[in-house]
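Atoms within a ligand are numbered from 1 in the order they appear, just like the ligands themselves. These values consider heavy atoms only, across backbone and side chains, with no hydrogens, waters or symmetry-generated copies. Treat the numbers as computed from the prediction; the structure is a model and nothing was measured.
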Amino acid sequence: MEKIFEQRIFRTIKNYGLVENGDKICVALSGGKDSACALFLLKKYAEKNKINCEIKALHLNLGIKGFEKMVELCEAQANLAGVKLYVFDAKSYGIDVEELSVKKKRPVCSVCGVVKRYLLNKLARELACNKLATGHNMDDFLVFFFKNLLSKNYCWIAKFRPKTGSPHEKIICRIRPLFFVGNRETEILCERNGIPYSESACVYSKSSAIIRKRENWYRMLYSFERLQKDFRYLLAQSVAEMSRFFEKTCKEEFKECKLCGEPTSQEVCGFCKLTKT
Ligand code: SF4
Ligand code: ZN
């Protein structure tokens, strides 16, 4: 079974050009199963196909309670894959996600999302990487897809495929090797390959309304799958093709944030609005 999923990931990497000669790839590691699986299989694919590229892992320690043990886990995952791990400690740079959440009266997961997106892009660039790999999997994208469809945010769908381009010189190309495998598949891959991971990467994953709603969406997806074989995989393939149509009509203009110089579509980026205003 795991061979089928592994081949599916390898086909995604090959067909979408996720790993190419000369690449410097930064893999965002959280300590959970998805990012570890993405790292392990990107490295395995590069070695198997003798691709001349460099793969590094990056862990953001956001200072949230319980995150300390994630550093050790990420070290074990990076060692297993045979790559160097870089750890960025947000608190030592004056960024406190929980404090910001209280100060700005925003859910901690929403603050965390803004901080992670901003720092991962910036740090991957500072590590001289041309691609940033994340562990978002097929189920995550299908949930985003339905949510954006229902709220008529069609332009977000333009980003739903295994590789996105770089719309600004400071935005690193994103690659998603797990675009065609979901939670169930990555769990099996981690177990069969002896990849250590944490099931509850964050204390907020149980209490957050955002995460609870996502769990409900997962349940809906899997109930469709019980009625229609390969429902998720077939839908993910359609979404990846559909994103091309939306891409043509949804062109986002990027400029540099007037406070930090990072790319944004507004005058001041989301990160600076959170941390500097
Ligand atoms: Fe961030 Fe996820 Fe924790 Fe929410 S559950 S605070 S998004 S790591
Ligand atoms: Zn900014």
Side-chain angles (χ1 to χ4, degrees), residues 27-38 57-74 77 87-91 93-126 132 134-137 139-141 143-144 147 167-172 174 176 178 183 186 197-218 252-277:
V27 182
L29 265 194
S30 67
K33 64 179 178 24
D34 296 324
S35 52
C37 182
L58 169 66
H59 174 66
L60 283 184
N61 180 4
L62 295 171
I64 294 171
K65 219 174 332 99
F67 256 62
E68 325 77 54
K69 67 174 190 291
M70 291 304 142
V71 179
E72 271 175 44
L73 206 42
C74 289
Q77 292 170 340
V87 178
F88 179 88
D89 205 341
K91 276 197 176 157
Y93 284 80
I95 302 160
D96 189 319
V97 170
E98 287 162 311
E99 253 179 47
L100 284 169
S101 151
V102 175
K103 190 172 151 206
K104 296 284 175 179
K105 299 188 179 61
R106 278 177 64 169
V108 68
C109 290
S110 140
V111 172
C112 176
V114 173
V115 170
K116 273 196 292 205
R117 268 194 302 280
Y118 177 92
L119 288 177
L120 285 176
N121 185 67
K122 190 170 188 292
L123 295 169
R125 214 178 55 233
E126 286 169 7
L132 171 62
T134 60
H136 293 114
N137 71 35
D139 297 339
D140 299 327
F141 282 105
V143 171
F144 294 150
K147 285 169 82 170
H168 184 279
E169 57 176 12
K170 287 187 174 176
I171 297 180
I172 307 279
R174 299 288 194 280
R176 293 95 174 226
L178 309 183
N183 289 317
T186 55
Y197 67 90
S198 164
E199 285 186 26
S200 52
C202 176
V203 282
Y204 292 103
S205 59
K206 293 276 177 279
S207 59
S208 151
I210 299 175
I211 308 278
R212 260 202 319 275
K213 280 186 197 153
R214 198 172 66 193
E215 297 290 328
N216 287 339
W217 276 103
Y218 287 154
E252 211 176 342
E253 293 295 328
F254 284 91
K255 49 191 162 197
E256 291 186 1
C257 168
K258 67 178 187 191
L259 296 183
C260 70
E262 287 299 304
T264 174
S265 55
Q266 295 161 346
E267 286 301 303
V268 174
C269 76
F271 180 82
C272 286
K273 278 183 195 152
L274 260 181
T275 56
K276 298 185 182 140
T277 61

Tell me which pairs pass salt bridge (Lys or Arg N to Asp or Glu O under 4.0 Å) where either residue lies in residues 265-277, with sequence neighbours left out. Lys255-Glu267

Residue pairs meeting salt bridge (Lys or Arg N to Asp or Glu O under 4.0 Å), one or both in residues 94-106, sequence neighbours left out, come to Lys91-Asp96

Using atom types as modelled and distance alone, determine if a side-chain donor or acceptor of Lys170 lies under 3.5 Å from a backbone N or O of Gly261.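 Side chain of Lys170 to backbone of Gly261: a pair is present.
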
Is there a donor-acceptor pair closer than 3.5 Å between any side-chain N or O of Ser35 and the backbone N or O of Ser30?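 Checked: pair present.
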
Note: ligand 1 atoms sitting under 4.0 Å from heavy atoms of Cys109 are 4 (Fe), 5 (S), 6 (S), 7 (S)

Suppose I only count heavy atoms of Cys112 and a 4.0 Å limit; which atoms of ligand 1 are within that range? 1 (Fe), 6 (S), 7 (S), 8 (S)

Atom CD of Glu126 with >12 non-hydrogen neighbours under 6.0 angstrom: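 Check passes, neighbour count above 12.
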
Sphere of radius 2.8 Å around the Zn ion (ligand 2) - protein N, O or S atoms inside: Cys257 SG, Cys260 SG, Cys269 SG, Cys272 SG

Is there a donor-acceptor contact under 3.5 Å linking the side chains of Asn183 and Lys33? yes

Would you please name every residue forming a side chain to side chain contact (heavy atoms under 4.5 Å, CB included) with Glu252, sequence neighbours left out?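 Expected list: Lys159, Phe254, Ser265.
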
Could you name the option among Met70, Lys116, Arg214 that has the heavy atom nearest to atom 8 (S) of ligand 1? Lys116

